[in-house]
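This report concerns only the one structure given below.
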Amino acid sequence: MNRLLNYRKLLILISQICLLAMSYYGSFLLRFDFHPGAAYQPLFVRTLPLVVAVELLFLYAFGLLRGWWRYAGMSDALDICEASFASAVVLFLAIEMALNVDGYPRSVLAINLALTVLLVGGTRFAVRAYTESAQQGAAELNTLIVGAGRAGSNIARELKHDSQLNLKPVGFIDDDSSKHGIRIHGLTVLGSSDRMSEILRRMNIRCVLIAIPSASGSQIEQIIARCRQCKVDFKILPPFSRHINGGRSSIANLRNARLEDLLGRQPVQIDLASIRNQLGGRVLLITGAGGSIGSELSRQVCDFAPREVILVDRSENALFQLGLDLSTNRPQQHFVPVIADIQDVSAMREIFALHRPDIVFHAAAYKHVPLMEQSCFQAVTNNIFGTYNVALVARQFGCKNFVMISSDKAVNPTNVMGVTKRIAELIILGLQHEHTRYVAVRFGNVLGSNGSVVPIFQQQIAAGGPVTVTHPEARRFFMTIPEAVQLVLQASTMGVASDIFVLEMGQQIRITDMARNLIRLSGLEPDQDIPIIYTGLRPGEKLFEELMLDGEGVKPTSHPKIRVLDGGPVRFEQVQRWLDELSALVEAKNVYGLIQTFQRIVPEYKPSDEILALCEVDRHDMALTYRRARVQLWSSASQIPGQLLPAQFAVPAQGIYEQPR
């Protein structure tokens with residue numbers, strides 16, 4: 001290998017000497033119309049070694065005696081021009097002043113400058129052109145690039161340079177009519193996306209690369225539909241690539257299309273300085289760190305150099321996987337995984353006393369709507385009491401900021417999960433303290449989260465179907481997990497205490513449309529290859545979600561994707577009364593009383609039919625218990641004349657469903 005490298009260096013050196021000598025000889029011929037007099041021949045011979053030596057020295061100084069000519073580009077052309085100009089200046093000074101050569105034609109140096117640039121640069125670009133044409137000849141797949149902007153231009157250049165990709169770029173398409181017919185890196189912009197099907201067939205395209213990071217979801221969907229219609233493979237450059245590679249799109253970012261590409265959500269622009277100012281050098285605590293939002297929060301906060309990150313979760317496996325991820329990808333960050341339950345207030349006090357966090361991101365919660373309809377007491381214990389535990393301990397230990405992750409299901413709730421999240425919002429508003437700022441961030445569904453609809457659909461498609469959808473008109477808000485977390489971090493730096501931030505979720509998407517798109521992205525056809533069946537809304541589910549109440553007073557913020565609601569005043573004494581009532585109801589397993597209390601705290605709550613059915617069962621069980629107790633008491637009283645019915649079993653004025661006092 002070393003011997004080959006030495007031969008290559010020697011070959012480059014000899015070729016450069018020959019090119020420089022040819023250029024200098026050509027400059028004499030041009031100067032004298034190819035008939036130089038006999039008097040000028042000694043001048044040529046005398047100055048040739050000096051000219052070649054000086055020009056070689058400058059070529060070496062500019063790094064032009066190294067590198068591969070097949071990769072020559074504009075930077076090489078500029079270096080050749082600068083080296084040739086510098087050597088021409090030095091040669092003029094040397095020949096005219098130092099050597100004082102009589103009769104030397106000065107114009108020869110100017111002609112030599114131009115010829116040197118042409119010959120030295122031209123040979124490099126000739127080698128590159130030959131290499132690219134040879135690579136293209138060996139390529140198998142004609143490739144069309146959608147998008148003739150900066151991203152598409154970068155992709156085209158890389159395709160021409162990389163022979164390993166087995167892709168031959170043949171042109172662009174772009175909807176900007178001003179670009180039609182122009183050539184970029186030797187490739188023509190062939191037309192707009194409306195003519196895409198015709199172009200695919202006419203040019204025998206076998207692969208399409210979608211390089212429009214700013215495209216809307218509908219545009220991407222139309223392009224993919226045309227590719228599928230013509231049975232052409234396609235890959236996409238995702239919107240976030242501009243951030244991953246510092247603004248430069250690359251072939252490395254190309255991947256198979258995913259559902260989030262069809263959402264068409266634009267990359268989030270966040271104020272990195274304000275977030276770094278808030279998080280940098282601080283101790284952060286994240287509850288529910290092993291979940292979808294919590295784990296992404298853990299990853300993203302590490303980019304802002306906090307002093308320490310405390311990861312709290314009760315799932316051993318989830319916390320282990322997160323720790324492994326952070327150790328591998330963020331080895332510089334100090335983090336402490338802690339297995340603990342937010343319902344354990346003693347454990348929370350120990351964690352806060354030991355680590356003294358400055359900022360808490362509270363992401364721990366039960367979130368599955370149908371399960372919480374069946375497990376309403378667990379939902380109260382975790383979502384309400386657990387939130388209260390962490391929030392109160394944060395205040396007791398002087399935490400500066402407490403950020404609660406809420407849900408769109410807290411708005412006009414129709415399920416236990418939503419109403420418990422709404423009560424949790426009210427509780428943290430009632431805990432406001434001069435030393436601790438409490439805010440909530442409310443948003444909708446995130447794609448790919450644990451237990452969300454997308455992974456379920458993907459599993460069903462992989463199994464051959466059917467794909468199950470609750471209702472043909474069911475709609476939900478969706479955003480990606482990284483986008484949601486970025487906006488949570490941004491919202492945490494904004495506003496004042498008692499604020500509820502609402503993330504801009506765009507338009508609601510029909511679940512049926514998502515299912516059909518996922519099937520198509522898998523290379524199959526809905527209703528033909530994979531059937532879709534409708535199973536009916538699950539317990540507690542709505543047809544559509546909302547992000548705010550009509551009277552909540554929405555206000556814009558400095559960020560276009562974040563709005564703020566005034567949470568309003570909630571007194572701490574009121575919070576304590578709510579918790580006392582809920583605690584008694586949970587302890588007594590009184591579903592009916594629990595739902596009544598929910599409706600009193602959150603008047604807009606509308607219980608589902610399923611939870612109302614549980615209430616009826618609860619009423620029947622309580623009535624039966626009451627009758628049995630009364631029979632036993634009257635039986636005992638009949639044996640002891642004059643004994644009265646104990647007061648705690650007296651029928652209350654409002655019915656038998658109140659708790660005994």
Side-chain angles (χ1 to χ4, degrees), residues 150-151 213-214 238-250 253 265-287 289 293-311 325-326 329-335 355-363 394 398-406 434-443 446 479-506 554-565:
R150 179 178 298 177
S214 60
F240 296 105
S241 64
R242 68 184 73 173
H243 300 291
I244 295 171
N245 282 326
R248 184 176 183 275
S249 303
S250 167
N253 300 125
R265 297 188 66 84
Q266 297 300 308
V268 175
Q269 304 293 332
I270 58 176
D271 184 356
L272 297 176
S274 65
I275 299 175
R276 184 171 287 106
N277 183 58
Q278 168 130 326
L279 304 183
R282 305 291 178 86
V283 178
L284 312 181
L285 185 144
I286 300 172
T287 67
I293 295 296
S295 59
E296 182 65 21
L297 260 172
S298 304
R299 284 185 282 268
Q300 289 200 25
V301 297
C302 291
D303 296 333
F304 298 96
R307 179 157 57 91
E308 187 177 54
V309 182
I310 314 302
L311 309 174
D325 180 8
L326 295 179
N329 299 309
R330 274 96 171 165
Q332 78 287 351
Q333 180 61 56
H334 176 56
F335 63 90
H355 299 284
R356 299 283 177 169
D358 301 298
I359 301 171
V360 172
F361 291 97
H362 178 52
C399 186
K400 293 182 175 59
N401 286 293
F402 183 96
V403 182
M404 171 190 159
I405 308 300
S406 189
E434 57 182 337
H435 298 303
T436 304
R437 168 179 168 265
Y438 291 88
V439 297
V441 182
R442 188 188 289 171
F443 55 89
V446 288
M479 63 168 45
T480 64
I481 295 176
E483 178 185 7
V485 169
Q486 286 174 331
L487 291 175
V488 166
L489 293 177
Q490 185 68 77
S492 70
T493 69
M494 305 166 68
V496 295
S498 300
D499 282 340
I500 297 176
F501 293 99
V502 179
L503 305 188
E504 188 278 312
M505 299 291 298
V554 184
K555 299 177 183 177
T557 68
S558 57
H559 196 285
K561 289 193 175 185
I562 302 175
R563 289 169 287 179
V564 64
L565 316 174

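Fair warning: this is a prediction, and the values are worked out from it, not measured in the lab.
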Value rounded to 0.5 Å, distance of [atom1] in [X] from [atom2] in [Y]:
| X | Y | atom1 | atom2 | value |
| --- | --- | --- | --- | --- |
| Thr287 | Ile310 | OG1 | CD1 | 13.0 Å |
| Met494 | Leu489 | CE | CG | 12.5 Å |
| Arg282 | Arg276 | CZ | CZ | 14.0 Å |
| Leu311 | Leu284 | CG | CG | 10.0 Å |

Quiz prompt | Min side-chain heavy-atom separation Pro357-Glu308 under 4.5 Å | solution =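 Result no, sub-4.5 Å side-chain heavy-atom pair not found.
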Quiz item: Is there a side-chain contact between Ile293 and Val488, using heavy atoms and a 4.5 Å cut-off?
Solution: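 With C-beta onward as the side chain, the pair stays apart.
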Quiz item: How would you list, by chain and number, every residue that makes a side chain to side chain donor-acceptor pair (under 3.5 Å) with Asn401, sequence neighbours excluded?
Solution: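 Side chain to side chain donor-acceptor pair (under 3.5 Å) list for Asn401, sorted by chain: Arg437.
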Exercise: identify the closest heavy-atom pair between [X] and [Y]:
| X | Y | value |
| --- | --- | --- |
| Ala491 | Ile562 | N-CD1, 3.9 Å |
| Ser492 | Phe361 | CB-CE2, 4.0 Å |
| Cys399 | Thr436 | O-OG1, 2.7 Å |

Self-check item: Under 3.5 Å: donor-acceptor pair, side chain of Thr493, backbone of Ile275
Solution: no
Less than 3.5 Å apart, which donor and acceptor atoms pair up between the side chains of residues 297-307 and the rest of the protein, not counting sequence neighbours?
{"from": "Ser298", "atom 1": "OG", "to": "Gly294", "atom 2": "O", "distance (Å)": "2.8"}
{"from": "Arg299", "atom 1": "NE", "to": "Glu296", "atom 2": "OE1", "distance (Å)": "3.3"}
{"from": "Arg299", "atom 1": "NH1", "to": "Asp325", "atom 2": "OD2", "distance (Å)": "2.8"}
{"from": "Arg299", "atom 1": "NH2", "to": "Ser295", "atom 2": "OG", "distance (Å)": "3.3"}
{"from": "Arg299", "atom 1": "NH2", "to": "Glu296", "atom 2": "OE1", "distance (Å)": "3.4"}
{"from": "Gln300", "atom 1": "NE2", "to": "Glu296", "atom 2": "OE2", "distance (Å)": "2.9"}
{"from": "Gln300", "atom 1": "NE2", "to": "Pro482", "atom 2": "O", "distance (Å)": "3.3"}

Quiz prompt | All ring-ring contact (aromatic ring centres under 6.0 Å, His included) counterparts of Phe402, not counting sequence neighbours | solution =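 Checked Phe402 against ring-ring contact (aromatic ring centres under 6.0 Å, His included); matches are His362, Tyr438.
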